[in-house]
Number of protein chains: 2
Amino acid sequence: MKRPTIADVARRAGVSKGAVSYALNGQRGVSEATRQRILAIAAEIGFSPSSAARALSGATAKAVGLALCRPARILGIEPFFMELISGVEAELSARSYALTLQVVADQDAEIAVYRRWWAERRVDGVFVCDLRTEDRRVPALEELQLPAVVIGGPGHTGSLANVWSDEAAALAETVEYLVALGHRRIARVGGLPALLHTEIRSDAFTEVCGRLGLDESVTVWSDYTGEEGARATRRLLSSPNRPTAVIYDNDVMAIAGLSVAQEMGLQVPGDLSIVAWDDSPLCQLVHPPLTALGRDIPAYGAHAARQLLRVIAGEPTGGLQDETAHLTPRGSTAPPRVR
Amino acid sequence: MKRPTIADVARRAGVSKGAVSYALNGQRGVSEATRQRILAIAAEIGFSPSSAARALSGATAKAVGLALCRPARILGIEPFFMELISGVEAELSARSYALTLQVVADQDAEIAVYRRWWAERRVDGVFVCDLRTEDRRVPALEELQLPAVVIGGPGHTGSLANVWSDEAAALAETVEYLVALGHRRIARVGGLPALLHTEIRSDAFTEVCGRLGLDESVTVWSDYTGEEGARATRRLLSSPNRPTAVIYDNDVMAIAGLSVAQEMGLQVPGDLSIVAWDDSPLCQLVHPPLTALGRDIPAYGAHAARQLLRVIAGEPTGGLQDETAHLTPRGSTAPPRVR
DNA sequence: CTGAAAGCGCTTACAG
DNA sequence: CTGAAAGCGCTTACAG
């Protein structure tokens, strides 16, 4: 089946190829009546302009890129990324932009992908996830002048636009809630320490614990996997002065932690309260359902996409603060049982 | 920063653009020494051929498409898709192919996306997921002559190539294992009935239960969500002659089912054995860990990608059978407690 | 083995 | 408001 070209449309409409181009792109240069006739013919013969030809003529590629730097099993189990992608996609496809996805092994590979995409003119811009405090991707993208939006922050984004959520405030709210329930020994199982948002949460945890005089608070580090979350929980619950509440940096580790508590014969929430960051349907699958910090991740992705299209269009764009995660109390938190 | 073009490389190397093209694409027409010199210069100035120009010149777009027809929250919670994508991606990027992702609302929208991709020459081929018994996408793709690989089957794929796994055998093995443990009343919580693989599993379930004389077997339908899985489980466990074992069509429903059993005061596995399809890290997060049917999903994706590249290359390609899921017994299955 | 040239299908100044 | 034409950066027959 031969694909229709702009020449086919022009011939049928009895106009020049230029006129068809103007009509399709909503440019002035054709009368409204002609435009309508051209659009009708294009629809009739199923014409869509070749993205290659369009990109080559200096117009945009109508595609943006997302590189993900996580192993397959983590990508699979974390609902976060797929929800983010869904939201990004919804916004992009409404504007006829395609999303190009690439899984990379490390930052160097990711930067190489950006360079290739740029050289190939394959994308008009990119999203940057999992920002680090010293992130080499930021200067690399600045040097390429490839439009980019960082999904994260605030801070450490150089001259790049970003969308972010106030993680410090969400963490403080959580600790205050646990203290209000009567907890004093609160632990936190953190995610990868190299990630900026982990650092932001850690600093906030230290700050709020200091402010509230919780001198037995402790943070242990993990990597977002269930295995590590379970191990960290075992360590915490084996200490002589074990915590009465644990805040986990993601849902997967929280569920693993719940399982460990049950395995060690502890009642949740009687002996141990559990809070999960990243509220997802997973949190309501377990028994008891987990108290969790959640926000609308597809919307976050949609906002990032809108922001990136703005950068690509050359509009002035800076940082955009998204909603702060809110706490949904469920069965996994309660006042500590007196021992 | 100006992007280097093939002309820049040609000028530096003192050869024609054609020679550079031949050198880059491994074609005959340049001496080996010249080829090496050209490649070195290309690497030095960071040249990658414009994908747009390349696609326009009749070469391939070096991109393939994947349309996903599931709502955001299901995509997020099912590890299957992200693991599949990881595997697809690994294979594609090794061959310098990009993956274009689009989330669609229904089959009509998906077909429209295929038509647009085809008209735009945006992709060289596509993957088809979630095959149905009467699937309109198959004739649509045949008509477009857009290279495609169905991830699913066997059967109902028309003239399209496919990769598939023997779900019937895996189901039979599971039922036989439960019967060997002493179970006679086995129930199944199925996924969406419109999907071919659900039908294949259902037919296999009926067949094996008939063969083994399990006349109290029952299947209830669900939609892969935890909510529906929980509801189906409540219904099953409330019946006077409740099953002693339940097989779930995905991990999420199985975890929800475990939670419902615990909530109803039943011991797992003493009062109820549970088997999950789609073994994923989730199955090991809960207590007890779930006996599950698993296989290597990233590898499945990689095989699908290799198959699609073969179709694109015009090589003869038919159906490719992937490994059959195998049962990993864990703590959620045991002989039924005598009542 | 190498070079000059046509052509892919668009967009966009430039004339009319 | 419309048409003819150049040009984007490649690939690939066609001559030499």
Side-chain angles (χ1 to χ4, degrees), chain A residues 1-39 41-42 45-63 96 116-124, chain B residues 1-39 41-42 45-63 96 116-124:
Chain A
M1 197 165 154
K2 179 84 175 61
R3 294 181 238 218
T5 70
I6 198 170
D8 299 322
V9 180
R11 199 176 321 111
R12 288 219 191 197
V15 298
S16 70
K17 293 190 300 176
V20 175
S21 178
Y22 291 140
L24 256 56
N25 295 312
Q27 308 243 10
R28 33 177 301 168
V30 286
S31 67
E32 193 48 35
T34 309
R35 182 192 309 279
Q36 291 306 334
R37 197 158 48 83
I38 290 173
L39 290 180
I41 291 172
I45 68 176
F47 170 75
S48 293
S50 153
S51 58
R54 186 171 240 173
L56 190 56
S57 306
T60 56
K62 284 269 198 174
S96 303
R116 190 163 49 73
W117 279 347
W118 174 82
E120 293 181 348
R121 293 150 176 77
R122 206 180 255 287
V123 300
D124 299 325
Chain B
M1 196 165 157
K2 179 83 175 61
R3 295 182 238 217
T5 71
I6 198 171
D8 298 322
V9 179
R11 200 178 319 113
R12 287 218 193 198
V15 298
S16 70
K17 292 190 300 174
V20 176
S21 178
Y22 291 140
L24 255 57
N25 295 314
Q27 308 242 9
R28 33 176 302 166
V30 286
S31 67
E32 194 49 35
T34 310
R35 184 192 306 281
Q36 292 306 334
R37 195 157 50 84
I38 290 173
L39 290 180
I41 291 172
I45 69 175
F47 169 75
S48 295
S50 153
S51 58
R54 185 172 243 174
L56 191 56
S57 305
T60 56
K62 285 270 198 173
S96 303
R116 189 162 49 73
W117 279 345
W118 173 81
E120 293 181 346
R121 293 149 175 77
R122 205 179 257 287
V123 299
D124 299 324

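This one's a predicted model, so the numbers in the text were calculated from it and none came from an experiment. Order of the sequence lines sets the chain letters (A, B, ...), proteins ahead of strands, with each chain counted from 1.
Remark: B:Ser16 engages B:Ala19 in a side chain to side chain contact (heavy atoms under 4.5 Å, CB included) (not counting sequence neighbours). Listed by chain and number, the residues in a salt bridge (Lys or Arg N to Asp or Glu O under 4.0 Å) with A:Arg121 amount to none (sequence neighbours excluded). For A:Ser96, the side chain to side chain contact (heavy atoms under 4.5 Å, CB included) partners at least two apart in sequence or on another chain are A:Lys62. Legend: residues meeting side chain to side chain contact (heavy atoms under 4.5 Å, CB included) with B:Ala119, ordered by chain and number and at least two apart, are A:Ser48. Under the rule for a side chain to side chain contact (heavy atoms under 4.5 Å, CB included), the partners of B:Ile6 that lie at least two apart in sequence or sit in another chain are B:Lys17, B:Val20, B:Ser21, B:Phe47. For B:Arg54, the salt bridge (Lys or Arg N to Asp or Glu O under 4.0 Å) criterion is met by no residue, not counting sequence neighbours. Evaluation of the salt bridge (Lys or Arg N to Asp or Glu O under 4.0 Å) rule for B:Arg35 yields B:Glu32 as partners, not counting sequence neighbours. Partners of B:Asp8 under the salt bridge (Lys or Arg N to Asp or Glu O under 4.0 Å) rule, at least two apart in sequence or in another chain, are B:Arg11.
Closest of all the heavy-atom pairs between A:Gly46 and A:Pro4 is O-CG, 3.6 Å. Nearest heavy atoms, A:Leu39 versus A:Ala23: CD2-O, 4.2 Å.
Here the range on DNA chain C touched by chain A, meaning any atom under 4.0 Å from one of its heavy atoms, is C:dG9 to C:dA13.
Map A:Pro4 and A:Tyr22 each onto its nearest nucleotide of DNA chain C; the residue landing nearer the 5' end is A:Pro4.
A:Asp124 CG to A:Thr60 OG1: the interatomic distance, rounded to the nearest 0.5 Å, is 4.5 Å. Separation of atoms OG (A:Ser51) and CZ (A:Arg122) is listed at 9.5 Å; rounding is to 0.5 Å.
Among the heavy atoms of the strands lying under 4.0 Å from A:Ser50 are primed sugar atoms or P, OP1, OP2 only; no base atom is included.
Contacts between residues 30-39 of chain B and DNA chain C, defined by a heavy-atom separation under 4.0 Å, are made by B:Val30, B:Ser31, B:Thr34. Contact check of residues 11-18 of chain B against DNA chain C (heavy atom, cut-off under 4.0 Å) returns B:Val15, B:Ser16.
Taking a pair as Watson-Crick or G-U wobble with both distances under 3.5 Å, DNA chain C forms stems of 3 or more consecutive pairs at C:1-3 with D:14-16, C:5-12 with D:5-12, C:14-16 with D:1-3.
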